[in-house]
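These notes concern the structure reproduced below.
Just so it is clear, the model here is predicted, and its values are computed rather than measured. Atoms within each ligand, like the ligands themselves, are counted from 1 in listed order.
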Amino acid sequence: MNQTPANPDLKIEFHGASNEVAVIRLTRPTKRNALSDGLILAIRDAFENLPATVRAAVIDGEGPHFCAGLDLSELKERDAGQGLYHSRMWHAALERVQHGPVPVIAALHGAVVGGGLELASACHIRVADETTFYALPEGSRGIFVGGGGAVRIPRLIGAARMTDMMLTGRVYNAADGERIGMAQYLVPQGTAFDKALELAKRVAENAPLTNYALMHALPRIAEQPADQGFFTEALMAAIAQSAPDAKERVRAFLEGRADKVRKD
Ligand code: 1HE
């Protein structure tokens, strides 16, 4: 099953026995998957219109790089007001990635720069192959992040590292990126997509309410004072465990029908 988005620079296909994994691919390799306004809106629409079969998503990029960030050819025409609306449009689109219906796994390779890093940081898991490099060239282009990076990237690597990247143009390679928290997985060259798909299939097997709690409750709890966080956690735990799906999964373990936890 495939879906044809309105924008030719985005492709959506479905994987798994029940089409439970959506693969959303940036297909603008000649421009290094630079994110035009049309492409950002297509990403938003893709996440808003995922079929009900979908339980997890992978996002990746065609060609030698994941994504070169904002399409700079569109930048020169904007005044201040248009710039504000443009940034808010990115926020709305990447909000659909982060707080959409399903967990999203980014498969990274090559350049993950500027708005490409902002897109990756809106995903829930990042798998990077050895060719990946991370940069925020906004500093040297005389602009600022505008796609939510000022909020999301410090939560991954800390404000001090992001400040350094933007002030000095520092580029992190794949290994250092994984060390500082850009990606949770570092894999051999050319294998990020396969690993991301494998993880997405595993994520898709979870109880949907557990995935929902991880996407929607956990980041909010992390921002709350401890006392409120404990209370939100208790509410979410009570809701999750009351689902029929959760009861069946616990029963399956107690009756020896479910996998044990094993070392890899
Ligand atoms: C582009 C873009 C782009 C490439 N907008 N057209 N992002 C940047 O500042 C990164 C700019 N790009 C690069 O540094 C490099 O292109 C890469 C390291 C990503 C890749 O290098 P390379 O040698 O593989 O490709 P290339 O030859 O530089 O680029 C191929 C074509 O893509 C070329 O166009 P052509 O017509 O000459 O073939 C490039 O001009 C074009 N291209 N990147 C437009 N970004 C919400 S705010 C977010 C703010 C930002 O993201 S700012 C950071 C922007």
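- Nearest non-hydrogen protein atom to atom 13 (C) of ligand 1 is Arg141 NH2, 4.8 Å.
- More than 12 heavy atoms of other residues, nucleotides or ligands shown are found within 6.0 angstrom of CG on Asp79.
- Within 4.0 Å of atom 9 (O) of ligand 1, at least one protein heavy atom is present.
- For the side-chain contact (heavy atoms from CB on, under 4.5 Å) with Glu118, the lone residue among Arg152, Glu138, His91 that qualifies is Glu138.
- The protein atom (non-hydrogen) at minimum distance from atom 25 (O) of ligand 1 is Arg32 NE, 2.9 Å.
- Set against the non-hydrogen atoms of Gly69, the atoms of ligand 1 under 4.0 Å away are 51 (O).
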Exercise for review: With ring-ring contact (aromatic ring centres under 6.0 Å, His included) as the test, would you mind laying out the steps for His65 and His109 before giving the verdict?
Suggested key: CA-CA 6 Å; His65 302 284; His109 70 290; 7.3 Å; no
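- Contact annotation: Leu75 has no heavy atom less than 4.0 Å from any atom of ligand 1.
- The parts of Ala68 lying near ligand 1 are both backbone and side chain, judged by heavy-atom distances below 4.0 Å.
- For the residue pair Asn206/Thr210, the side-chain donor-acceptor check at 3.5 Å is not satisfied.
- Using a cutoff of 4.0 Å between basic side-chain nitrogens and carboxylate oxygens, Asp176 and Arg179 are scored as salt-bridged.
- Using a 4.0 Å cutoff on heavy atoms, His86 does not count as a contact of ligand 1.
- Distance screen at 4.0 Å: atom 54 (C) of ligand 1 has a protein heavy-atom neighbour inside the cut-off.
- For atom 40 (O) of ligand 1, no protein heavy-atom neighbour is found at a distance under 4.0 Å.
- The nearest protein heavy atom to atom 23 (O) of ligand 1 is not closer than 4.0 Å.
- Checked against a 3.5 angstrom limit, the closest N/O atoms of Leu72 and ligand 1 fall inside it.
- Atoms of ligand 1 found under 4.0 Å from any heavy atom of Ile143, numbered from 1 in the order shown, are 52 (S).
- Protein non-hydrogen atoms do not reach within 4.0 Å of atom 37 (O) of ligand 1.
- Of all atoms in ligand 1, listed by their number and element, those nearer than 4.0 Å to a heavy atom of Trp90 are 46 (C).
- Among all non-hydrogen protein atoms, the one lying nearest atom 31 (C) of ligand 1 is Thr30 O, 3.1 Å.
- Of the listed residues (Lys31, Glu138, Met89), the one carrying the non-hydrogen atom nearest atom 35 (P) of ligand 1 is Lys31.
- In Leu35, neither the side chain nor the backbone holds a heavy atom less than 4.0 Å from any atom of ligand 1.
- Counting only non-hydrogen atoms, the option in Val171, Ile40, Leu70 that gets closest to atom 45 (N) of ligand 1 is Leu70.
- Less than 4.0 angstrom separates atom 48 (C) of ligand 1 from at least one non-hydrogen atom of the protein.
- Protein heavy atom nearest atom 20 (C) of ligand 1, with residue, atom name and distance: His65 NE2, 3.4 Å.
- Note on Arg96 versus Glu48: salt bridge recorded, some NZ/NE/NH1/NH2 to OD/OE distance being below 4.0 Å.
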